[in-house]
Amino acid sequence: MRLFNTLSGQVEDLVPSDGKALRMYACGPTVYDYGHIGNFRTFLQVDVLRRTLRLLGTDVRHVMNITDVDDKIIRNATAAKLSITDYTRKYQEAFFQDLDALQVQRPEIVARATENIPAMVALIQRLTEQDIAYRAEDGSWYFRIARFPEYGKLSRKDFGGITDGARIDVDEYEKDSARDFALWKAPKPGEHQWQTALGPGRPGWHIECSAMAMEFLGESFDLHAGGEDLMFPHHENEIAQSESATHRTFARHWFHVRFLLVEGRKMSKSEGNFYTLRDLLLRGYKASAIRMLLISVPYRQQLNFTFEGLAAETIAVERLRTFRDRVRNTPWPGRPAPSPDSSEISALARDTRARFAAALADDLNTAEARAAIFEMVRAVNACADAGAFFAGDQQAVLETLREFDQVFAVLDDHDDQWTRFTLQWAESEGRLKDAAPEVLARLELSDEQIQALVDERTQAKRTRNFARADQIRNDLAAKGILLEDSKDGVRWKRK
RNA sequence: GCACCGGUGGCGAAGUGGCUAACGCGCUGGUCUGCAAAACCAGUAUUCGCCGGUUCAAUCCCGGCCCGGUGCUCCA
């Protein structure tokens with residue numbers, strides 16, 4: 001496949017350098033709070049990348065880190081009078097639950113910073129041996145940027161002349177140069193710390209990714225991913241410390257996911273447009289619709305996340321699910337096509353499959369990929385309505401949908417399950433008041449209770465008691481339960 | 001202030017130097033239906049932020065401007 005590489009600024013081929021599996025590292029969350037939709041856009045786009053690679057027949061070895069020690073975690077844990085481990089546990093669990101809700105595949109390896117301190121210390125030692133790292137008066141260790149001439153190559157910044165200003169040095173008496181960054185931080189009194197050959201303390205932010213990426217993927221690997229905000233300084237610093245230590249290319253390909261807007265504005269708490277996944281689920285939006293919206297705009301585009309868009313994607317997903325049900329369940333005539341290769345639908349399904357894969361292989365053009373699927377949906381419906389759906393077509397269309405869902409993962413309906421889960425969580429956190437009334441109404445009746453009412457309505461209709469039938473239908477509609485009458489019976493679904 | 005990215009119909013958004021400017025939602029009309037809903041079908045941008053330029057031809061290339069975003073800087 002072809003993928004834009006931040007390092008070169010160009011779309012390039014992406015292939016496993018060892019000819020077997022694509023080795024990729026993706027920056028994971030800092031687990032000090034619940035994840036927001038901006039975080040999840042990045043994780044979802046990385047998921048689209050790994051699913052696309054697998055669809056195209058490339059195995060992946062995907063490592064994701066969990067940053068479970070940093071300034072914010074220490075601050076919050078201290079405030080909560082908890083150890084950092086106890087403090088982060090809850091947010092780690094929540095994070096993986098959220099990934100499950102969004103159908104994000106687990107990476108092959110999840111690496112926690114606190115479980116890989118020795119690898120980080122060893123990496124820093126390699127830098128100290130070359131005099132690239134130095135110890136400050138307080139016992140912290142810093143990376144000497146002046147020793148890495150290529151610094152800035154990822155974010156295309158020129159730091160010549162900035163690194164050693166006399167005026168800057170006045171303020172930064174602990175560091176040799178203002179831009180030098182911490183590899184290892186000396187502990188403040190009472191802080192969680194590790195006793196190491198570097199002295200007591202904890203790792204700087206950047207070193208964990210360098211150390212763990214190399215630990216699990218080797219000194220040089222295929223691809224490194226993250227949100228666009230990480231390009232500088234985080235990824236730049238990773239390159240500096242890794243390549244200084246090994247004298248080898250750290251990651252060959254860099255993948256950065258653009259930030260999103262919410263209702264046309266930058267998402268921020270002060271704007272009042274800051275949403276966690278759980279906020280949206282409590283408001284009644286479906287996990288599948290959130291996934292669909294967050295992946296449908298290609299990763300290099302700024303996505304404008306709106307509630308109108310979310311409602312639109314809810315309907316779009318529903319339409320695809322309905323379509324698959326129709327293809328699966330309608331008793332087709334089953335007559336053979338006029339000639340073996342003449343079935344328009346089978347040919348269309350094959351073409352669509354090719355177009356879908358080609359769009360994704362072209363720098364993950366998810367918009368073009370889904371357009372191909374929707375065009376097939378319309379064409380197949382038209383053929384089916386016209387009676388031109390032949391034996392063999394069903395399998396061909398279902399196969400195309402299967403490949404679509406290998407990447408998009410929205411057709412199987414797990415939505416109520418995750419909404420229920422979120423309601424339970426909200427109850428335990430005292431946040432049930434944030435749940436939209438419609439959500440509570442929608443899940444109030446069990447499937448069995450709904451089915452009983454549906455059956456009663458069918459009986460009422462049979463005796464032409466339309467008043468009673470309509471009353472049941474209206475009562476259910478008020479609870480967000482929609483009924484669909486068809487020749488084969490009544491289907492219902494939660495809105 | 002500097003750098004980079006983007007500005008396409010009511011909304012989201014793909015795309016291309018010249019062929020009818022994808023797709024989803026919405027809207028309008030239709031099929032179906034006891035009536036609805038749902039489902040399905042059809043229609044829905046003479047036009048691609050603004051102003052110039054290059055070209056036989058620009059939404060697509062170049063320059064300027066306006067707007068949005070990100071990073072840097074500043075500040076904390």
Side-chain angles (χ1 to χ4, degrees), chain A residues 4 6 9 38 152 154-159 162 165 168 171 178-179 227-236 256-268 289 292-323 325-327 329-330 352 355-356 359 362-386 408 410 457 460-474 476-477 481-488 490-493 495:
Chain A
F4 184 82
T6 308
L154 179 69
S155 49
R156 291 192 178 66
K157 295 181 194 305
D158 180 7
F159 293 104
I162 299 176
I168 293 170
D171 297 333
R179 295 224 167 251
E228 65 169 329
D229 58 320
L230 299 181
M231 202 164 87
F232 186 91
H234 184 52
H235 290 162
E236 200 73 70
H256 290 104
V257 179
R258 179 68 52 88
F259 269 16
L260 50 70
L261 302 180
V262 177
E263 301 290 346
R265 324 215 68 189
K266 167 161 70 168
M267 180 172 77
S268 73
M292 191 70 162
L293 179 57
L294 290 175
I295 69 178
S296 287
V297 176
Y299 74 97
R300 284 207 284 151
Q301 292 300 321
Q302 194 171 53
L303 153 71
N304 186 10
F305 187 100
T306 65
F307 288 103
E308 191 185 347
L310 208 40
E313 293 308 317
T314 307
I315 290 165
V317 168
E318 195 56 49
R319 181 168 161 221
L320 293 174
R321 289 175 175 172
T322 302
F323 174 74
D325 286 346
R326 180 183 191 193
V327 174
N329 300 329
T330 301
T352 300
R355 192 178 147 200
F356 176 75
D362 178 16
D363 200 25
L364 296 182
N365 191 340
T366 48
E368 165 69 18
R370 60 172 263 173
I373 298 300
F374 278 104
E375 282 179 32
M376 179 187 78
V377 169
R378 179 160 33 77
V380 169
N381 276 321
C383 275
D385 287 351
F408 276 71
V410 293
R457 171 171 170 272
K461 278 176 67 179
R462 208 159 278 159
T463 56
R464 301 194 67 78
N465 182 358
F466 294 122
R468 175 59 184 155
D470 290 351
Q471 184 199 355
I472 292 172
R473 187 172 69 195
N474 292 338
L476 286 172
I481 315 296
L482 299 178
L483 303 191
E484 290 174 26
D485 292 344
S486 77
K487 297 176 198 72
D488 312 313
V490 183
R491 282 194 304 272
W492 62 267
K493 63 190 175 197
K495 191 178 172 186

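Within every chain, numbering begins at 1; the chains are lettered A, B, ... in the order of the sequence lines, protein sequences first and strands thereafter.
- A:His234 has its NE2 atom 18 Å from the C1' atom of B:C72, to the nearest Å.
- Residue A:Lys266 places at least one side-chain N or O closer than 4.0 Å to OP1 or OP2 of B:U70.
- For the P atoms, the distance from B:C32 to B:G49 is 44 Å, rounded to whole Å.
- Applying the 4.0 Å criterion to OP1 and OP2 of B:G15, one finds that A:Asn365 has a side-chain N or O inside that range.
- The listed nucleotides are B:A13, B:A22, B:G34; the one nearest the side chain of A:Asn304 is B:A13.
- The CZ-C1' distance, from A:Arg179 to B:C74, rounds to 12 Å in whole Å.
- You'll find the side chain of A:Thr463 stays beyond 4.5 Å of the side chain of A:Arg468, heavy atoms only.
- Between A:Arg265 atom CZ and B:C11 atom P the separation is 17 Å, expressed in whole Å.
- Between B:A36 and B:C19, the distance separating the two C1' atoms is 45 Å to the nearest Å.
- Here, B:A22 and B:C4 have their P atoms 33 Å apart, quoted to the whole Å.
- A straight line from CD of A:Gln301 to P of B:G69 spans 16 Å, rounded to a whole angstrom.
- In RNA chain B, consecutive stretches of 3 or more Watson-Crick or G-U wobble pairs with both distances under 3.5 Å are given as paired ranges: B:1-7 with B:66-72, B:10-12 with B:23-25, B:26-31 with B:39-44, B:49-53 with B:61-65.
- Using atom P as the reference point in both B:G17 and B:C25, the two lie 29 Å apart (nearest Å).
- Of the P atoms belonging to B:A58 and B:U44, the separation is 26 Å, rounded to the nearest Å.
- Put simply, CG on A:Leu260 is 20 Å from P on B:C11, counting in whole angstrom units.
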Taking only N/O atoms, report every protein-nucleotides 60-63 of chain B pair under 3.5 Å with atom names and distance.
none

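- The base of B:A38 does not come close enough to the side chain of A:Asp485 for any donor and acceptor atom to sit less than 3.5 Å apart.
- The side chain of A:Asp385 sits closest to B:C41 out of B:C41, B:C72, B:A13.
- Side-chain proximity of A:Phe259 to the nucleotides B:C35, B:C72, B:U70 is greatest for B:U70.
- Each of B:G34, B:A36, B:U70 was ranked by its minimum atom distance to the side chain of A:Asp470; first place goes to B:G34.
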Under 3.5 Å between N/O atoms: give me all the protein pairs with nucleotides 24-31 of chain B, atom names plus distance.
residue, atom, partner, partner atom, Å
B:G24, OP1, A:Arg319, NH1, 3.4
B:G24, O4', A:Arg370, NH2, 3.3
B:G24, O2', A:Arg370, NH2, 3.4
B:C25, OP1, A:Arg319, NH1, 3.4
B:C25, OP2, A:Arg319, NH1, 3.3

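- Residue A:Arg473 places a side-chain atom within donor-acceptor reach of the base of B:A36, judged by atom type and a 3.5 Å distance cut-off alone.
- The side chain of A:Leu261 lies closest to B:G68, out of B:A22, B:G68, B:G34.
- For the C1' atoms, the distance from B:U31 to B:G18 is 40 Å, rounded to whole Å.
- Rounded to whole Å, the separation between the P atoms of B:U8 and B:C60 comes to 14 Å.
- Which of B:C40, B:G34, B:A13 sits closest to the side chain of A:Arg326 comes down to B:C40.
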